[in-house]
Undergrad: 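Encoded as structure tokens, here's the structure I'll be asking about.
Within every chain, numbering begins at 1; the chains are lettered A, B, ... in the order of the sequence lines, protein sequences first and strands thereafter. For clarity, every value in this text was computed on a predicted model and none was experimentally measured.
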Amino acid sequence: MMRATILVGMAAMTLAVCVASEIGAPTPAASPAERLRAAQSAEDRLTLRATLNTATFSQQSSVSSQVVVCRKPGCCRWEYQSPALKGLAMIEKGDTVIRLDPAQKTASAACSHREPGRFDLLLKNYTVTQERTEPIIGRAADVLVIKHREAGSPAKKVWVDRATNLILRTEYYDSDGKLATLTFYTDIEWNPPLADSLFEILDGWKKVAVEDDPGKHWDREGLSREVAFNVCEPAYLPAGFAVDGFHLYHCRCGVASAHLRYVDGLNSVSVFERFTQCPGRGRGRGFGWGKGRGGGRNCQLLASQPGRMLVRQVGDLSFILIGDLPETELSKIADSVK
Amino acid sequence: MKPCKDIQNQLADFAVGVLVERERAEVERHFQECPTCQRELSALQRTGAVLDALEPEEAPAGLWQSIRREIETPKQEPAHAPWWEMLFPAQWPRLAYAGLAATAILAVALLVTVSRLSPAEDDETQDFLQRHGMLAWNDPLSDKAALGVMLGRSGAGREMQ
């Protein structure tokens with residue numbers, strides 16, 4: 001009788017652990033890195049309607065908005081409440097991201113692939129530690145700190161809900177160690193009914209494409225043929241960065257650019273290369289200000305997102321580098337583009 | 001939790017310690033979950049500290065009498081002078097005109113330089129920033145709500161067939 005009771009108890013415990021891992025709840029032995037991996041995928045399984053606040057801080061200004069989030073497996077909608085954003089909404093469906101602009105009644109679609117390898121790269125380049133457990137909006141959350149192994153920054157803090165693994169709050173510290181973005185939920189309604197129409201482009205909206213071949217990865221030769229010059233790669237990359245992909249991108253004046261993207265798991269660097277001359281806008285307009293100087297004051301902090309932009313002009317080509325790196329590192333990458 | 005708007009209306013009273021116990025507890029609870037309001041309070045306290053550090057100054061003797069005299073004396077309409085004298089008063093020394101001209105030249109030069117050095121104001125620059133942000137959308141731990149704010153600032157693209 002006792003043996004049967006023990007067996008039933010063990011079976012119940014095994015079942016409980018299986019169910020817990022299936023719904024994403026943390027198992028007691030999970031390491032901080034495993035907790036983070038579970039948090040990374042948790043939002044794809046959850047259905048909720050929630051309010052969150054987001055703020056981006058820069059040297060010049062800060063931008064903040066309250067956002068209503070509707071999420072169900074495979075899709076999500078963000079509705080921005082700030083008057084400055086004039087009713088902007090974003091929809092995510094799989095790898096497609098749609099920006100809805102109610103003022104113009106336009107829906108701009110773009111593609112952003114999920115690459116599972118990027119998370120492994122993050123774990124290779126960053127340490128993950130659990131700092132503490134604390135309540136947030138009445139829920140117990142583990143505070144995980146993700147720090148660059150060598151530089152200590154950039155860094156991210158995430159508050160992971162113990163019950164569902166949903167990230168309830170994030171703080172991003174830029175490469176200068178300053179708080180750059182902050183996002184946190186203020187209320188969550190679990191499993192509400194959500195109409196499919198919330199995640200669709202409604203009739204009457206003008207559809208706009210922001211890229212030629214959504215998500216396509218090019219090789220260097222093919223891309224060079226498209227942009228009509230030899231695409232150059234940087235010989236120097238900061239430790240931990242790897243190629244994410246080469247893309248073709250046309251700016252609004254129609255000039256084809258090569259977009260080389262490098263990632264280290266948490267951070268990314270873009271190198272855009274294109275002819276300087278821009279039809280219809282005049283030579284030297286826009287990126288002419290780096291002309292003739294091998295460095296100088298052409299690296300600037302960005303106002304709308306963490307990071308810096310550096311522009312170089314070599315002959316007829318312009319190189320535009322964007323990333324959250326110290327100015328010296330961006331300059332070293334630019335100097336090494338060959 | 002009370003909304004930030006309500007809390008921020010009470011911040012000044014909180015900073016100088018005149019809130020009743022219940023209100024004070026509410027504000028303190030709010031701070032535990034709202035760094036924005038915490039920052040507001042810190043800014044308020046820093047301003048207060050600066051003001052507190054200033055020494056009170058004695059008003060000069062006779063100040064109030066002269067203000068009163070100024071208010072009570074009826075104003076006389078000034079005689080109309082030619083426009084060029086209003087723009088360039090004859091009593092100004094030549095150095096002042098030279099200074100004005102130099103300031104104007106500097107202001108124009110500064111405006112030109114700033115417009116050439118500020119990537120944030122350029123539509124093309126915005127396109128590249130948006131492109132950079134868009135591809136970061138599905139990076140691990142990307143803060144999509146914050147990215148949406150950045151991507152929402154301007155639109156680019158071509159109409160689909």
Side-chain angles (χ1 to χ4, degrees), chain A residues 40 52 54-56 63 65 67 78 80 85 88 90 92 95 97 99 101 104 106 108 110 112-114 118-119 122 136-137 146 156 158 170 172 181-183 186 206-210 249 251-253 259 261 263 265-266 268 270 272 278 286-287 289 297 300 302-305 309 311 320 322, chain B residues 1-5 7-8 29-30 32-40 42-43 112-161:
Chain A
Q40 165 71 13
L52 59 78
T54 182
T56 301
V63 185
S65 181
V67 191
W78 292 262
Y80 292 83
L85 294 169
L88 165 81
M90 303 289 294
E92 177 189 85
D95 285 352
V97 185
R99 171 184 174 275
D101 177 356
Q104 310 286 333
T106 54
S108 322
S112 175
H113 283 307
R114 290 156 200 249
R118 287 183 201 148
F119 192 83
L122 181 146
I136 177 164
I137 54 165
I146 303 108
K156 196 154 199 166
V158 293
T170 70
Y172 178 75
T181 59
L182 165 67
T183 297
T186 51
K206 196 191 295 173
K207 293 177 185 170
V208 171
V210 293
Y249 176 63
C251 69
R252 68 179 71 192
C253 64
H259 178 191
R261 185 166 192 266
V263 294
L266 190 67
S268 63
S270 287
F272 293 95
C278 206
F287 296 120
W289 43 267
R297 186 71 185 92
Q300 304 238 333
L302 302 175
S304 58
Q305 56 182 298
M309 171 187 268
V311 180
I320 302 107
I322 304 171
Chain B
M1 191 171 79
K2 259 188 162 183
C4 291
K5 197 175 67 183
I7 295 295
Q8 285 172 5
R29 252 197 323 276
H30 185 90
Q32 285 174 4
E33 297 194 355
C34 180
T36 312
C37 289
Q38 274 181 38
R39 267 195 301 280
E40 285 278 334
S42 307
V112 170
T113 312
V114 166
S115 66
R116 286 165 69 85
L117 284 179
S118 174
E121 291 174 11
D122 191 287
D123 286 346
E124 289 173 75
T125 313
Q126 281 296 334
D127 288 356
F128 287 104
L129 288 173
Q130 292 223 346
R131 173 76 183 162
H132 173 74
M134 178 56 81
L135 288 201
W137 185 268
N138 271 326
D139 279 352
L141 307 178
S142 73
D143 187 339
K144 293 175 182 176
L147 270 177
V149 173
M150 186 271 290
L151 294 169
R153 285 185 154 187
S154 77
R158 296 179 310 287
E159 197 169 337
M160 283 161 88
Q161 299 301 314

Undergrad: Scan A:T183, A:L88, A:T54 and name whichever one has a side chain to side chain contact (heavy atoms under 4.5 Å, CB included) with B:V149.
TA: A:T54
Undergrad: For the OG1 atom of A:T170 and the NZ atom of B:K144, what is their distance to the nearest 0.5 Å?
TA: 12.5 Å
Undergrad: Under a 4.5 Å heavy-atom cutoff, which of B:A145, B:P35, B:C34, B:G133 has the most pairs with chain A?
TA: B:A145
Undergrad: Can you say whether A:L52 sits under 4.5 Å from chain B via the side chain, the backbone, both, or neither, judging by heavy atoms?
TA: side chain
Undergrad: Can you confirm whether B:D143 sits close enough to A:Y172 that some side-chain heavy atom of one is under 4.5 Å from a side-chain heavy atom of the other?
TA: no
Undergrad: Is any side-chain heavy atom of B:L135 closer than 4.5 Å to a side-chain heavy atom of A:S270?
TA: no
Undergrad: With rounding to the nearest 0.5 angstrom, report the CE to OG distance, B:M134 to A:S108.
TA: 8.0 Å
Undergrad: Taking side chain to side chain contact (heavy atoms under 4.5 Å, CB included) as the test, write out the residues that go with B:E33, two or more places apart.
TA: A:I137, B:M1
Undergrad: Taking the side chain as C-beta and beyond, is there a heavy-atom pair between A:M90 and B:W137 under 4.5 Å?
TA: yes
Undergrad: Rounded at 0.5 Å granularity, tell me how far NE2 in B:H132 sits from OG in A:S268.
TA: 4.0 Å
Undergrad: With only heavy atoms counted, which part of A:F119 is less than 4.5 Å from chain B, the side chain, the backbone, both or neither?
TA: both
Undergrad: Got A:K156 and B:L141 here, is their nearest side-chain heavy-atom distance under 4.5 Å?
TA: yes
Undergrad: Let me know if A:R261 has heavy atoms under 4.5 Å from chain B in its side chain, its backbone, both or neither.
TA: side chain
Undergrad: Atom CG in A:L122, atom CG in B:D139: separation rounded to 0.5 Å?
TA: 9.5 Å
Undergrad: Who are the side chain to side chain contact (heavy atoms under 4.5 Å, CB included) partners of B:Q32, not counting sequence neighbours?
TA: none
Undergrad: If you round to the nearest 0.5 Å, how far is OG1 of A:T181 from CE of B:M150?
TA: 11.0 Å
Undergrad: So, do B:N138 and A:E92 sit near enough that their side-chain heavy atoms are less than 4.5 Å apart?
TA: yes
